[in-house]
Number of protein chains: 2
Amino acid sequence: MNIDVGTRLRSIRTAFGISQRELARRAGVTNGLISLIEQNRVSPSVSSLKKVLDGVPMSLAEFFTLDLAAAPQAFFGAEELVELGNEEVSLRLVAAQRPGRQMSVLHERYAPGAATGEEMLAHRGEEAGVVIRGRIELTVSGSTRALGPGEAYYFASQLPHRFRNAGREPCEIISACTPPTF
Amino acid sequence: MNIDVGTRLRSIRTAFGISQRELARRAGVTNGLISLIEQNRVSPSVSSLKKVLDGVPMSLAEFFTLDLAAAPQAFFGAEELVELGNEEVSLRLVAAQRPGRQMSVLHERYAPGAATGEEMLAHRGEEAGVVIRGRIELTVSGSTRALGPGEAYYFASQLPHRFRNAGREPCEIISACTPPTF
DNA sequence: ATGAGGCGTTTAATATATTAGACAATGGGA
DNA sequence: TCCCATTGTCTAATATATTAAACGCCTCAT
């Protein structure tokens, strides 16, 4: 469940070919601590871990970013896009059934007055789009703006956001999000 | 000297519009701890910090990668899209300057007769789009199809592909690709 | 006014991370 | 072989993170 800080640190240290004591000396901590961390017997404080990584040197960001580990359909008619929305908010997905898709591209249509809930989803990721017709009122992290044709947005999906068509005509948007939510 | 975990966490929490108690509840820690962390009165253990971020949710990697400098721009006027193409093929990129962008969303416009070269890029990745005006003749891996408004495409970037506007009116497309080529 | 419930902060008690120092095992060099 | 240095591990003492519960400050409905 927890991040395996221990083996991560150990593999880094050994990759650099230095001993626990040497790393401890450079980092200004004790060798025992390094040992305990590498065995996952303790969960180091951020400040300790930073001191240790400074001895390598390596940033916390780098440390946690480290990773240890038939021709699909290309063309889609308008009617082949899969409808995921409802009467008010139509969401038509491109390449819905494509396995291992890396993003979701949608043709969205908001009826006048339609709105999405104040979503704050569990997903990481980003979403972006361009308005092609009508106007949409978009709220992201508390700030709101109305966007018209040719205008666009781009934000991190986990920020609270809401789309609302405050106008009288339908609003259409082409949007993309990655990794695919739909 | 130390990473400012506190203000980082606070800015994230407030950006998500939730209280210390709410975050604590989701994370399974106490609100007091969140308070102390945000004031930098303690340096949380990695396991605690992970629990807290799970409540957002956000990974440790994302947390430490986060650029605290400024909330990235979420809204873009039509003229704020950055032009990457030429007279014949206009490619206007959303959120061009956004650091660490995970995709490229483009508003493309092909003049009558305009075409892209037969591209076959080194990148892995995928691209997709929806035609919003005019017609485009798209060739992917040897097969060709003309797409009109509301029609769409989705293919792996490394496949040889070519866009050509064989019609008399300009053609507009909203497209997305990941990882970002532009 | 007033009480209820939200907020962030603080404090004493407790759990845990960290240190200092000792331990056994390994591998040269005299 | 013996010694000495170096390795990673372990344990008791200590420093620090974390909890539980209270505080004071707000706002809002009664």
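Lettering of chains follows the sequences in order, A, B, ..., and the numbering in each one begins at 1.
Of the candidates B/Val105, B/Leu106, B/Leu81, B/Leu93 forms a side-chain contact (heavy atoms from CB on, under 4.5 Å) with just one, namely B/Leu106.
Aromatic ring pairs are classed by plane angle as parallel below 30°, tilted from 30° to 60° and perpendicular above 60°; the pair B/Phe64 and A/Phe64 is parallel. Between A/Phe163 and A/Tyr153, the ring-plane angle classifies as perpendicular under the 30° and 60° cut-offs.
Residues A/Arg92 and A/Arg109 form no side-chain contact, since every pair of their non-hydrogen atoms from C-beta on lies 4.5 Å or further apart.
Contact annotation: A/Arg13 side-chain N/O to D/dG8 OP1/OP2 distance is under 4.0 Å. OP1 and OP2 of D/dT7 both lie 4.0 Å or more from every side-chain N or O belonging to A/Gln20.
Nucleic acid contact for B/Ser35: base, since at least one base atom lies under 4.0 Å from a heavy atom of the residue. Across all strands, A/Gln39 comes closer than 4.0 Å only to sugar-phosphate atoms, never to a base (heavy-atom distances).
Donor-acceptor pairing under 3.5 Å is recorded for the side chains of B/Tyr154 and B/Glu126. Counted by atom type alone, B/Ser90 and B/Glu83 present one or more donor-acceptor pairs between their side chains at under 3.5 Å.
Remark: B/Glu38 engages B/Arg13 in a salt bridge, criterion side-chain N to carboxylate O under 4.0 Å.
Note that CD of A/Glu172 and CD1 of B/Ile174 are 11.0 Å apart. Values are rounded to the nearest 0.5 Å.
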Please enumerate all protein N or O atoms sitting under 3.5 Å from an N or O of nucleotides 16-23 of chain D, with distances to 0.1 Å.
residue, atom, partner, partner atom, Å
D/dA17, OP1, B/Ser43, N, 3.0
D/dT18, OP1, B/Ser45, N, 3.1
D/dT18, OP1, B/Ser45, OG, 2.7
D/dT18, OP1, B/Ser48, OG, 2.1
D/dT19, OP2, B/Thr30, N, 3.4
D/dT19, OP2, B/Thr30, OG1, 3.1

Can you give me the N/O atom pairs linking the protein to nucleotides 13-15 of chain C at distances under 3.5 Å, or say none if there are none?
none

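The nearest whole Å value for the distance from the CZ atom in A/Arg25 to the C1' atom in C/dT19 is 18 Å.
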